[in-house]
Amino acid sequence: MKTDFIPIDYDYFDFEGRNYVKIIGRDSKGKRVCVIDSCPVYLWAILEDKIGKEKMNKIIGDVKKIEVESRGRKTQVEKVEIHDKNFLGEKVKALKIFATNYKDLHDIADYLNIEGIKKRRGYDLGFISHYIIEKNFLPLNWYEISGEMLNNSFEFGGIDAALNVDLCIKVDKIKKIDEKKFSPRVIAYDIEADDFKIGEGEILMVSLVSNTGINKVITWKGHDSKKLGYVEYVKDEAELLERFVSEIKKSSPDFLVGYFSDGFDLPYLKARAEKHKVSLSLGIDGSQPRFYRGRIPTGKINGIVHVDLLRFIQTAYSQYMQSETLSLDEVANEFLGERKKNFKFKHSSKISKEEWKNFFEYNLHDSVLALKLFEKFWPDLFEFTRIMQEPLFDVSRNGMSNNVEDYILHNLKKFNEIPEKKPIHEEISERRNMEKYEGAFVFEPIPGLYENIVVFDFTSSYGSTIVTYNLSKSTFLEKPEKNSHNIEILGKKVYFSKIPGFFPEMLKEIIEKRKKYKRELKEKPDAVKTARSNAYKLLANASYGYQGFFGARYYCREAAAATAAFARKAIKDSIKKIDSEGYKTIYSDTDSIAFLMNDKKESEVLNFLEKLNSELPGIMELELEGFFKRGIWVTKRSGVLGAKKKYALIEKNNRLKIRGFETVRRDWCNLARNVQNQVLKFVLEDGNDKMALEYVKGIINKVKKREVNREDLIIRTQLKKPISEYKAISPHVIAAKKMQEREIPISMGNLVEYYVAETKGKEKKLVRDRVKLLDEKGNYDVKYYLEHQILPAVENILQVFNIEPKEIIDGKKQTKLGDF
DNA sequence: GACTGAACTATACC
DNA sequence: ACGGGTATAGTTCAGTC
């Protein structure tokens, strides 16, 4: 039996004490294929240096005797080989110890605590990762496989009969072949329920939308409403659950996609199914979803990849997004230019006939958006999976540190390197308690309006620093060495070998690939190249954070601190050169430098950039970020010092680049943000402070006359922890408490919305005493919005032109006092 | 009770 | 627990006079 095959999802099972992988995928005709395979199971024992032959034989003899019996299973050492390997920059002799069951490797490692064995490694990768590395059978790559077809066979206890697949093959040979087209079958889903707490309300409806023609809402509510083609009515919630399961079974998708479905939809379905004693048997083996408790619970379905798009967007995209929240509404708007439908939530008992129709549409449209988002991100999910070489299920949920680590583990083979172990609990807390090291350099700007500004920045600044100076755990030298890279951190010199380490080498390749794909992208753009280039960019950028991350296998604080130190040195050196060339640096943060052109031509600047680059060490490189017409830097609120991380630039085509200002902060009301944005525009477009001032005066009057819509006065603040844990009761905490009292769902992570109102009777001093929810009646507090929102937003900008807006407010107020 | 600096908190930059 | 450090700024809290 021979077929082509693309692996999508990996799982494993035990049979007669041994581990087998069960890989679900497709052939090129779209048939669903299950592949069963196994691989050698082993761990490494690194031997002490200079061990004699006799001693080695004794160790091997002892190791061979090891047997572990646990969980009704017997695992034994089946074979021992001696290998020359690398481990963290050293050449070592290591025993490759083969055993019966991967899950017992940890126990076997415990028995290896014997003299002559220095370290035990390679038992904590997880069997799936171990298998993928061992067999090089990579997710979302095409293979030609051959083997024995299982058809109602008794092998593995009759596993094939229980699986809802077209083919089940016990694989024998695997051969990589050229790329073929792969169009996955995808169903997006979304539920609506009466309570936001998992399982505490009834599920009213569920929508299913697929790229294979499904487009429906299943509901047991609103029978009386006008009949809609896409609505399927069932008799009760239990039947809804059954229909949901059968619909998915029938369609047999590769991916089941939701938005926040790890945290809401899937656990809700599970909880309600349990209540009704309905089996939520979505798995292709008929199994129910399994939930893994982590920081965020994760829902896994056997054979169907459950994707929660929110989690992928969080790690892969959020840092580059404009959206202020990651709500489906905002995210869909940003990526698809399409919003959710309008529907105001209320309890199902209060929904009228007409409203049910809107509710169904709302529900259906959420799935439509989820499917469209999946299609939008499919190239990214695909590339991430292929680059990290882990199943899409995991890659789509991993944070970037996990992705970096996966990339490393799957590329160690080329370096003949034994994998480092995960840090244990004590090690983690020890690392977390470490003192912070010095990070990036930020230049203190002189407040003012500037013209003709150039911005340079280092490409993959920290990444190229790591590569240039070979900074990593395996190249870190405990003792000073002469021919080494060295730099001072926290008053102590640290040294790194000049012999290339695997981590910097891998990173070098990542950066090179990123450059290559970026170049190709420029020539002929397409979604795949964009995704590929983006994935390598993210990897390169995350590698610095990875080495400083306490949970990393290849954690190296010295390397992280040295990276920041070398980068500081590089940028300071560049600033010196820029200034001595006749330019003037006005600002710099981490990897970028803004400076004045001082009557020089753009061509001169570009030539100078080339000169700078020729003098930079290693692969470090500056690039032109842009030429800007004007830019403004302001003082800090207190004092006269220039504020860092707060500036606005304008390009020749009048495109604004605003950083740090209230305009870009979501916890300021829209009025203040919009006013500030306008003022920046006036000031930067043609340096017109008079217009800006008149504009501000107009707004102040509008506020005083109470002509501002409440919508523009809403302050939104995120609840970052449970309400009870707050030590300081700030306005947004009060707002959240008010919501709780009124049983409006509110929990950690939500944005709290409120406005500040005038209160009658005795003067309330604290802001929190004047907080009102949006539907609470009240007059907005003019004084608060003028002095705590508008004024702070424009004050520092106008001060650059020697205008004191405070006087305008106060002056006007004198004349208006009589009004009160 | 007013004032002041520290603590707490949220958010942004790179 | 699920990259890092640098930075601004508002509001409350707690201590002082």
Side-chain angles (χ1 to χ4, degrees), chain A residues 294-296 298 311 314-315 319-320 324 394 397-405 422-423 425 427-429 431-432 434-445 457-458 460-462 538-552 554-555 557 559-561 563-565 567-568 571 587-593 625 634-639 641-647 657-668 672 715-721 725-734 751-752 756 765-771 784 787-789 792-793 796:
Chain A
R295 194 169 49 88
I296 308 156
T298 297
R311 298 190 62 171
Q314 238 161 9
T315 51
Q319 66 176 125
Y320 303 107
E324 283 167 16
D394 304 282
R397 286 169 174 80
N398 281 346
M400 277 317 289
S401 72
N402 248 315
N403 285 333
V404 171
E405 194 153 286
K422 277 193 226 162
H425 205 279
E427 221 168 343
I428 289 176
S429 52
R431 292 173 180 184
R432 293 193 75 200
M434 289 282 248
E435 199 190 340
K436 274 210 232 178
Y437 58 85
E438 188 181 344
F441 165 71
V442 188
F443 187 99
E444 188 190 300
D457 53 27
F458 281 97
S460 296
S461 169
Y462 282 176
L538 283 166
L539 264 183
N541 289 344
S543 56
Y544 157 72
Y546 173 79
Q547 296 203 95
F549 169 51
F550 51 76
Y554 293 101
Y555 171 82
R557 197 166 160 280
T563 306
R568 279 197 304 274
I571 202 155
Y587 186 62
S588 166
D589 184 349
T590 312
D591 61 353
S592 71
I593 307 170
E625 219 273 322
V634 300
T635 62
K636 289 203 258 188
R637 190 80 75 223
S638 55
L641 294 183
K644 298 171 176 180
K645 301 197 183 282
K646 222 174 170 183
Y647 61 89
K657 182 179 174 181
I658 301 177
R659 292 293 119 97
F661 275 112
E662 284 75 5
T663 299
V664 298
R665 292 183 62 98
R666 69 172 180 192
D667 56 347
W668 282 70
I715 296 166
R716 298 177 177 86
T717 315
Q718 193 184 23
L719 211 57
K720 305 275 277 186
K721 51 187 175 189
E725 282 178 23
Y726 279 90
K727 286 178 192 160
I729 309 303
S730 45
H732 80 293
V733 178
I734 286 293
L751 274 192
V752 179
V756 178
K765 230 174 49 187
L766 297 179
V767 179
R768 68 167 174 222
D769 295 323
R770 286 172 279 158
V771 162
Y784 176 84
E787 291 179 6
H788 291 254
Q789 293 279 329
N796 295 343

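By convention in this document, chain letters (A, B, ...) are assigned in the order of the sequence lines, proteins followed by strands, and residues within each chain are numbered from 1.
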**Prompt:** Given that G551(A) and V442(A) both sit by DNA chain C, which one's nearest nucleotide is further toward the 5' end?
**Reply:** G551(A)
Mind checking [X] for me? I need base, sugar-phosphate or nothing, with any heavy atom below 4.0 Å counting as a touch.
| X | result |
| --- | --- |
| Y437(A) | sugar-phosphate |
| G548(A) | sugar-phosphate |
| G439(A) | sugar-phosphate |
| K644(A) | sugar-phosphate |
| Q547(A) | nothing |

**Asked** Going 5' to 3' on DNA chain C, which nucleotide is the first and which the last to come under 4.0 Å of a heavy atom in chain A?
**Response** dA1(C) to dC13(C)
Sequence neighbours left out, what passes side-chain contact (heavy atoms from CB on, under 4.5 Å) with [X]? Give chain and number order.
| X | result |
| --- | --- |
| A559(A) | L471(A), F496(A), Q547(A), C556(A) |
| K436(A) | none |
| K636(A) | L641(A), A643(A) |

Qualifying residues under ring-ring contact (aromatic ring centres under 6.0 Å, His included), relative to [X], sequence neighbours excluded:
| X | value |
| --- | --- |
| Y726(A) | H732(A) |
| Y462(A) | Y544(A) |
| F458(A) | none |

**Fill in**
Residue set satisfying salt bridge (charged side-chain N to carboxylate O under 4.0 Å, His left out) with R666(A), at least two apart, ordered chain then number -> none
**Asked** Taking the six-membered ring of F441(A) as reference, does the NZ or CZ atom of R568(A) fall below 6.0 Å from its centre and within a 45° cone about the axis?
**Response** no
**Complete:** Expected string for nucleotides 4-14 of chain B under the B/S/- scheme (protein heavy atoms, under 4.0 Å, primed atoms plus P, OP1, OP2 as sugar-phosphate) is ----SSBBSBS
